[in-house]
Amino acid sequence: MNVYDGWRIAAMLEHRGMHRTETVSDADIIILNTCAVRAKATDKVFSALGRIRRAKKPSALFGIVGCVARESGADAFRRIPDLNFVLGPQSYHKLPEILDNPDAKLLNIDLGGLEKFDELPQMEKSPTVAYIPIQEGCNHCCTYCIVPYTRGREISRKFQDCVSDTIHAANTGAIEICFLGQNVNGYKYTDEKGKTYRLSDLIREAAKIESVKRIRFTSSYPTEMTDDLIDMFAVEPKLLPFLNMPIQSGSQDVLTRMNRPYSLELYTEIIRKLRVARPDIQISSDFIVGFPGETDEDFEQTMNIAQQIRYINSYSFKYSPRPHTGAALMTDQIPENIKAARLAALDNCLNEIQREFNINCIDKTMECLLEGDDKTGRHLIYRTPYMQQCVVEKPDTNTPAPVLANICITAANKASLRGKFAKTSE
Ligand code: SAH
């Protein structure tokens with residue numbers, strides 16, 4: 001979502017005749033697009049602001065947009081007095097106001113709902129992977145999570161707006177469509193005639209577009225994985241066989257205190273149904289270790305579920321107390337050294353499962369999407385249908401590399417695969 005917001009901010013400024021620079025000291029405006037989900041992310045923003053302040057031209061405007069702006073509000077101006085703007089994730093379309101009035105202190109952390117989508121200029125060219133936001137905010141209110149505070153309550157965009165953004169992206173270069181939302185599979189829009197549209201309807205529309213070859217969506221909440229959506233994995237080959245469906249913990253007690261009121265039986269039943277619908281599907285998850293009150297037994301259950309489900313790729317984090325959340329007030333916080341030891345143990349286990357899956361891919365041929373050159377310029381980076389990175393030697397020809405290619409996997413480690421071109425796709 002932040003990558004998408006970053007594109008829109010850049011496009012908005014380019015629309016006003018500005019262009020990008022990689023160097024802070026050259027810039028006339030410096031914007032930090034921020035994440036507040038863990039305390040470390042927020043701390044990094046303020047230390048980066050300190051560095052930018054010293055490196056920038058005295059006349060350059062600088063400020064923050066996104067969730068840290070929303071979290072800090074006016075306090076950001078107290079911490080960094082020469083900051084010029086602080087704009088929340090739903091008000092960054094107001095950024096041009098600071099260009100028109102550079103002496104002002106621009107503060108707007110309103111939850112403007114979908115207003116930004118109506119006001120932002122259309123992007124002229126889509127990247128190969130187009131992010132299409134279909135809803136913002138979240139109503140689940142997990143007790144650790146700051147997102148409902150920073151991004152507000154759930155609101156779904158009009159079905160027709162999502163479809164026309166998808167068509168526009170496809171017409172301007174997108175091959176892969178990634179539907180986005182904090183609670184993306186909770187997407188629900190009822191039109192004037194009373195007809196309700198879900199994520200499965202959007203997937204069906206996107207799949208009808210000839211030039212769209214791959215479809216995915218993120219982030220999903222387990223109990224919003226309704227049967228119509230699971231069925232899409234059976235009937236729609238363009239939908240990638242990969243799903244991030246965070247479990248967070250393998251302990252029922254911890255899940256209850258996280259206010260994630262699904263049973264482990266229900267979660268595993270959803271995965272079973274997904275595997276029936278699409279036998280080659282693979283699942284990834286997010287985990288939080290060291291949630292307040294987490295015992296050794298609770299943590300053991302998290303290790304067990306990771307082994308049982310065999311997630312091929314996961315994100316795991318130490319619990320970080322956040323403002324505006326219930327869990328930050330719980331009294332039985334876990335000491336840092338225990339959190340660190342649990343994270344290391346879980347990461348070991350997840351890495352081993354990931355490595356095993358990657359090694360199993362050797363000798364298989366997969367249709368992959370070109371991402372670009374690697375740092376050396378000698379290799380091409382492709383993405384497999386499971387979002388693994390695959391490195392391919394650049395052919396010695398002047399013809400451009402195929403955007404979609406059948407690639408045979410030749411080697412693997414935990415982090416990435418190596419491959420060679422098999423037969424090029426049409
Ligand atoms: N569904 C949300 C989740 C965002 S946060 C969205 O996509 O916007 C991504 C992940 O960060 C969560 O799944 C969770 O595992 C982790 N996370 C959220 N709050 C956290 C906290 N307070 N401490 C540690 N990890 C956290």
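We count ligands from 1, going down the list as the structure has it; atoms in each ligand are counted the same way.
A salt bridge does not link Lys273 with Asp231: none of the charged nitrogens is closer than 4.0 Å to a carboxylate oxygen. Ion pair Arg342/Asp296 flagged as a salt bridge, since at least one NZ, NE, NH1 or NH2 atom sits closer than 4.0 Å to an Asp/Glu carboxylate oxygen.
Interface of Gln248 with ligand 1, defined as ligand atoms under 4.0 Å from a residue heavy atom, comprises 12 (C), 13 (O), 14 (C), 15 (O). Shown in contact with Arg322 at under 4.0 Å from a heavy atom are these atoms of ligand 1, numbered in order with element: 22 (N). The Val37 neighbourhood of ligand 1 comprises atoms 5 (S), 18 (C), 19 (N), 20 (C), 21 (C), 22 (N), with distances under 4.0 Å to a heavy atom of that residue. Atoms of ligand 1 found under 4.0 Å from any heavy atom of Lys318 (numbered from 1 in listed order, with element): 23 (N), 24 (C). The Arg38 neighbourhood of ligand 1 comprises atoms 11 (O), 16 (C), 17 (N), 23 (N), 24 (C), 25 (N), 26 (C), with distances under 4.0 Å to a heavy atom of that residue. Close approach of ligand 1 to Ser219 is summarised as follows: ligand atoms under 4.0 Å from at least one heavy atom of the residue are 1 (N), 6 (C), 7 (O). Heavy-atom contacts of Tyr319 reach the following atoms of ligand 1: 23 (N), 24 (C) (cutoff under 4.0 Å).
Protein heavy atom nearest atom 4 (C) of ligand 1, with residue, atom name and distance: Val147 CG2, 4.2 Å. Ranking the protein heavy atoms by distance from atom 2 (C) of ligand 1 puts Gln182 O, 3.8 Å first. Taking atom 19 (N) of ligand 1 as the reference point, the nearest protein heavy-atom neighbour is Tyr144 CD1, 3.3 Å. Here the protein heavy atom with the shortest distance to atom 13 (O) of ligand 1 is Asp286 OD2, 2.6 Å.
Side-chain N/O atoms of Asp228 and Thr226 include a donor and acceptor closer than 3.5 Å. With no hydrogens or angles considered, no side-chain donor-acceptor pair links Gln182 and Glu136 at under 3.5 Å.
If you look at Arg151 next to ligand 1, there are no close heavy atoms at all, none under 4.0 Å. Contact annotation: for Phe317 versus ligand 1, heavy atoms closer than 4.0 Å belong to the side chain alone. Counting heavy atoms under 4.0 Å from ligand 1, residue Ser320 touches it through both backbone and side chain. Under 4.0 Å from ligand 1, not a single heavy atom of Met1 appears.
Residues Phe287 and Tyr311 bring their aromatic ring centres within 6.0 Å. For Phe357 and Tyr386, the distance between ring centers is under 6.0 angstrom.
Note: Ser314 OG to Asn244 CG = 7.5 Å, rounded to the nearest 0.5 Å.
Partner Tyr131 forms a ring pair (Phe, Tyr, Trp, His ring centres under 6.0 Å) with one of Phe179, Phe217, Trp7 and no other, that one being Trp7.
Side-chain atoms of Glu224 do not come within 3.5 Å of backbone N or O of Asn183 as any donor-acceptor pair.
The aromatic rings of Phe159 and Tyr197 lie parallel to each other, their planes meeting at an angle below 30°, with 60° marking the opposite boundary.
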